[in-house]
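Basis for what follows: all heavy atoms, side chains included, without hydrogens, waters or symmetry-related copies. Chain identifiers are assigned alphabetically (A, B, ...) following the order of the sequence lines, protein sequences preceding nucleic acid strands; residue numbering begins at 1 within each chain.
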2 protein chains.
Amino acid sequence: MASIKDVAAGAGVSVATVSRVLNGHPSVSADARTRVLAAVETLGYRPNAVARSLRTDQTHTLGLVISDVLNPYFTELARSVEEEARALGYSVIIGNADERPDLQDHHVRNLLDRRIDGLLVSPTDGGSPLMLDAARGGTPMVFVDRWIPGVDVPVVRADGREAIRDLVAHLHGLGHRRLAIIAGPAATTTGQERVAVFGEALRAYGLDLPDVYIGQGDFQADSGRRVTEGFLSLPEPPEVVFAADNLMALGALDAIRARGLRVPDDIALAAFDDIRWFVHTDPPITAIAQPTGALGRAAVRALVDRIEGRPPESVTLPARLVVRRSCGEPASHEPTAPPGPSASAQPSAPPEPSASQAPPPAQSPAVRSPVRRSQS
Amino acid sequence: MASIKDVAAGAGVSVATVSRVLNGHPSVSADARTRVLAAVETLGYRPNAVARSLRTDQTHTLGLVISDVLNPYFTELARSVEEEARALGYSVIIGNADERPDLQDHHVRNLLDRRIDGLLVSPTDGGSPLMLDAARGGTPMVFVDRWIPGVDVPVVRADGREAIRDLVAHLHGLGHRRLAIIAGPAATTTGQERVAVFGEALRAYGLDLPDVYIGQGDFQADSGRRVTEGFLSLPEPPEVVFAADNLMALGALDAIRARGLRVPDDIALAAFDDIRWFVHTDPPITAIAQPTGALGRAAVRALVDRIEGRPPESVTLPARLVVRRSCGEPASHEPTAPPGPSASAQPSAPPEPSASQAPPPAQSPAVRSPVRRSQS
DNA sequence: GAACCTCGTGGAATCGATTACATCCACCCT
DNA sequence: AGGGTGGATGTAATCGATTCCACGAGGTTC
């Protein structure tokens with residue numbers, strides 16, 4: 001592969017001049033410039049990014065360590081991160097931790113060894129020494145979605161509290177009183193927060209969240225299945241299962257189906273994280289949607305600000321409730337159809353397009369928060 | 001950040017000795033080794049991968065350019081690729097082309113500039129000059145899923161022909177006679193092949209695949225929606241729509257739902273690519289499943305073979321039909337329940353666990369090829 | 001006409017590793 | 001004792017870029 005020396009020889013100039021042409025340095029004669037460009041063309045020369053990075057101590061690369069690529073939420077996040085990074089002149093290397101702290105460490109180390117300019121992390125756990133050292137050691141870093149308390153790193157995330165309260169109001173309005181949750185790992189902020197807020201919201205309605213109705217999941221489908229089986233085997237099973245992410249909701253569906261039960265007639269289901277398929281499941285699933293694309297973009301901007309010497313900003317964006325039919329017919333629909341056997345009742349609302357990049361129109365009757373609190 | 005010189009100074013030896021310790025070179029005294037290791041420890045030294053790559057001309061990195069990360073098929077492929085690569089001592093940088101040739105070129109160029117050791121590509125189009133030059137220029141390369149005809153590069157892919165014939169047999173057995181397909185881009189091998197094989201299989205049953213029943217999609221959901229709307233507006237709409245990938249099937253579902261029609265009563269639906277959610281859609285969707293994990297692993301092995309001087313092998317693995325309910329009740333089920341209104345008929349077969357990493361048991365009655373041809 | 005810029009250019013140092021080669025020393029054999 | 005062997009180590013070249021510095025030519029200013 002041709003190097004800068006070959007170009008210099010081909011153009012009859014020094015390597016310094018070639019470098020100046022390539023980097024748009026002003027003091028190069030028009031003559032030299034055209035000769036260099038010609039040589040570049042004929043040799044098919046491309047600058048070696050490795051050598052360049054060694055010299056300049058910048059890689060123009062961001063690392064993104066996410067908890068689970070197979071989770072559509074993180075896939076979408078990764079996509080928006082790459083998009084925004086590309087727009088700002090950076091590329092992205094993704095590390096998939098699969099919810100495993102050891103794998104997370106592997107990727108953090110690998111990325112650090114490659115001297116990435118900055119790190120975007122959605123931590124799987126409370127933070128390994130490696131990551132904490134990196135943060136303290138001055139590696140530009142931003143947490144996205146999840147974070148580690150007590151570390152001085154900007155956080156870009158969604159605030160699901162209001163949406164969870166809306167969900168509980170919705171469920172309560174439908175007459176449900178025994179609500180259970182499939183929680184995420186306690187080592188993650190999102191895992192903790194969702195349970196805590198759910199419990200508080202129940203209490204506001206005079207309801208209880210007993211320990212047997214808190215199932216410990218790990219954000220993976222299998223755990224959702226296992227926990228739901230447990231719920232269904234209880235002497236008094238819950239009327240509603242709220243899964244703290246979409247994969248555990250999938251597992252819950254598996255378990256419910258394996259028992260031959262129906263949603264929402266036999267048991268209601270809701271999930272944190274909205275995905276496109278939830279529109280087409282049987283029945284369509286009520287979920288809490290995060291502004292995933294916006295989160296990814298904001299995280300990249302914060303990180304690049306930090307890298308380029310501007311003060312980075314933490315960002316919190318609201319999540320919102322998307323009501324569908326998995327918890328029962330919404331109260332606002334006149335229950336003309338008997339609430340009984342068939343799950344295939346024609347929805348009286350116009351069909352909702354499956355969730356897409358563009359934010360759905362706020363006035364869509366199928367997409368709305370049934371309760372608005374004072375300080376909304 | 002500490003460099004090898006700092007370690008050398010700290011241990012009171014030369015950089016050469018440090019390097020030898022780090023690379024496990026035999027001729028280093030035990031004394032020197034322990035002093036170096038101690039210095040490494042106290043300084044928290046990590047070798048600079050950029051400098052190392054410049055010197056050794058290897059990055060131990062594979063590039064993976066896929067057509068669309070948001071497509072669960074490619075997400076799963078990417079995951080298995082990373083896993084196998086990690087096991088073999090390589091890392092992976094993913095480039096998402098979003099089915100856009102220009103983006104594909106951007107990523108190929110970027111990866112080449114980074115001097116990755118080898119490239120795994122699922123081409124979006126017939127091949128840009130850039131990619132063809134790279135292949136001819138000796139960059140180790142392997143095509144996965146899709147390929148470019150006439151280029152001397154190993155191909156790792158699934159063979160869907162038998163499964164498509166099985167699907168047509170299944171559809172024909174259910175009495176369907178007007179079958180339509182949402183095709184992928186003609187510039188992709190998978191896009192072409194699936195239409196061609198579908199058409200041939202129809203002809204084997206004396207059926208025709210008229211042009212109006214071939215909708216041109218681009219493997220994205222929107223095109224599936226658009227094409228399906230077209231089908232439904234035809235004076236004589238098809239009885240079955242076969243989507244050449246899962247995202248276009250999603251779009252088809254959107255379009256069918258927007259018309260207030262039901263699957264399979266009003267129109268049947270099948271898809272290429274099986275995903276976990278297809279078990280839980282309304283109704284569960286009949287699909288052709290690829291051995292995605294095995295494909296990713298085989299592709300990495302072929303590429304690493306090529307990189308490390310062993311002869312790489314092309315690999316073709318069979319896809320298989322997974323019959324569910326989106327085309328009508330399978331013939332083997334006695335149609336005791338009236339085929340009429342309710343879509344929530346209890347399946348007489350035991351519930352199928354959603355598709356997972358482990359291959360489903362072959363004897364599961366819900367997962368099977370209804371027709372076996374001679375040379376099976 | 002001397003002093004002084006400015007501009008274009010090349011030489012050479014540098015980034016952080018790896019590694020060929022030279023050197024030194026201890027030991028062994030005849 | 002002398003020479004050979006081999007292990008441990010250091011010196012320095014090298015990878016492919018960027019960039020500081022020096023230099024020469026040409027133009028401007030007093």
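In the model, R115(B) has no side-chain atom that pairs as donor or acceptor with a side-chain atom of S53(B) under 3.5 Å.
Sorted by residue number, the members of residues 48-55 of chain B with any non-hydrogen atom under 4.0 Å from DNA chain D read L54(B), R55(B). Contacts of residues 27-47 of chain A with DNA chain C (heavy atom under 4.0 Å): S27(A), V28(A), S29(A), A32(A).
Rounding to whole angstrom units, CZ of residue R114(A) and C1' of dG16(C) are separated by 16 Å. Between N23(B) atom CG and dG16(C) atom C1' the separation is 13 Å, expressed in whole Å. Atom CG of L22(B) is separated from atom P of dA17(C) by 8 Å (rounded to the nearest Å). Atom CZ in R20(A) sits about 10 Å away from atom C1' in dT18(D), given to the nearest Å. Spacing between atom CD of Q58(B) and atom P of dA17(C) amounts to 17 Å, rounded to whole angstrom units. D113(A) places its CG atom 10 Å from the P atom of dA17(C), with the value rounded to the nearest Å. Residue M1(A) contributes atom CE, which lies 15 Å from atom C1' of dA17(D) at whole-angstrom precision. Between the NE2 atom of H25(B) and the P atom of dG6(D) there is a distance of 15 Å, rounded to whole Å.
Heavy-atom minimum distance, A51(B) versus L54(A): CB-CD1, 3.8 Å. Counting all heavy atoms, side chain and backbone alike, I93(B) lies closest to V92(A) at CG2-O, 4.3 Å. T34(A) and D31(A) get closest at one heavy-atom pair: OG1-O, 2.8 Å.
OP1 or OP2 of dT18(C) sits under 4.0 Å from a side-chain N or O of S19(B).
Looking at heavy-atom distances under 4.0 Å, T17(A) makes contact with sugar-phosphate atoms alone, never a base.
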Using distance only, find each side-chain donor-acceptor pair of residues 4-15 of chain B under 3.5 Å and give its atom names and separation, not counting sequence neighbours.
residue	atom	partner	partner atom	Å
D6(B)	OD2	S3(B)	N	2.7
S14(B)	OG	A16(B)	N	3.3
S14(B)	OG	T17(B)	N	3.4

Please step through side chain to side chain contact (heavy atoms under 4.5 Å, CB included) for the pair V151(A) and M141(A), ending with a clear verdict.
CA-CA 11 Å; V151(A) 185; M141(A) 200 154 151; over 6 Å; no
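When the nucleotides dC15(D), dG16(D), dT18(C) are ranked by their closest atom to the side chain of K5(A), dC15(D) comes out on top. In this structure, of dG10(D), dT18(C), dG10(C), it is dG10(C) that holds the atom nearest to the side chain of A16(A).
A donor-acceptor pair under 3.5 Å is absent between the side-chain atoms of S80(A) and the main chain of L295(A), judged by distance alone.
With rounding to the nearest 0.5 Å, the separation of CG in L247(B) from CG in L70(B) is 7.5 Å.
Salt bridge status for R100(A) with E83(B): absent, with no side-chain N to carboxylate O gap under 4.0 Å.
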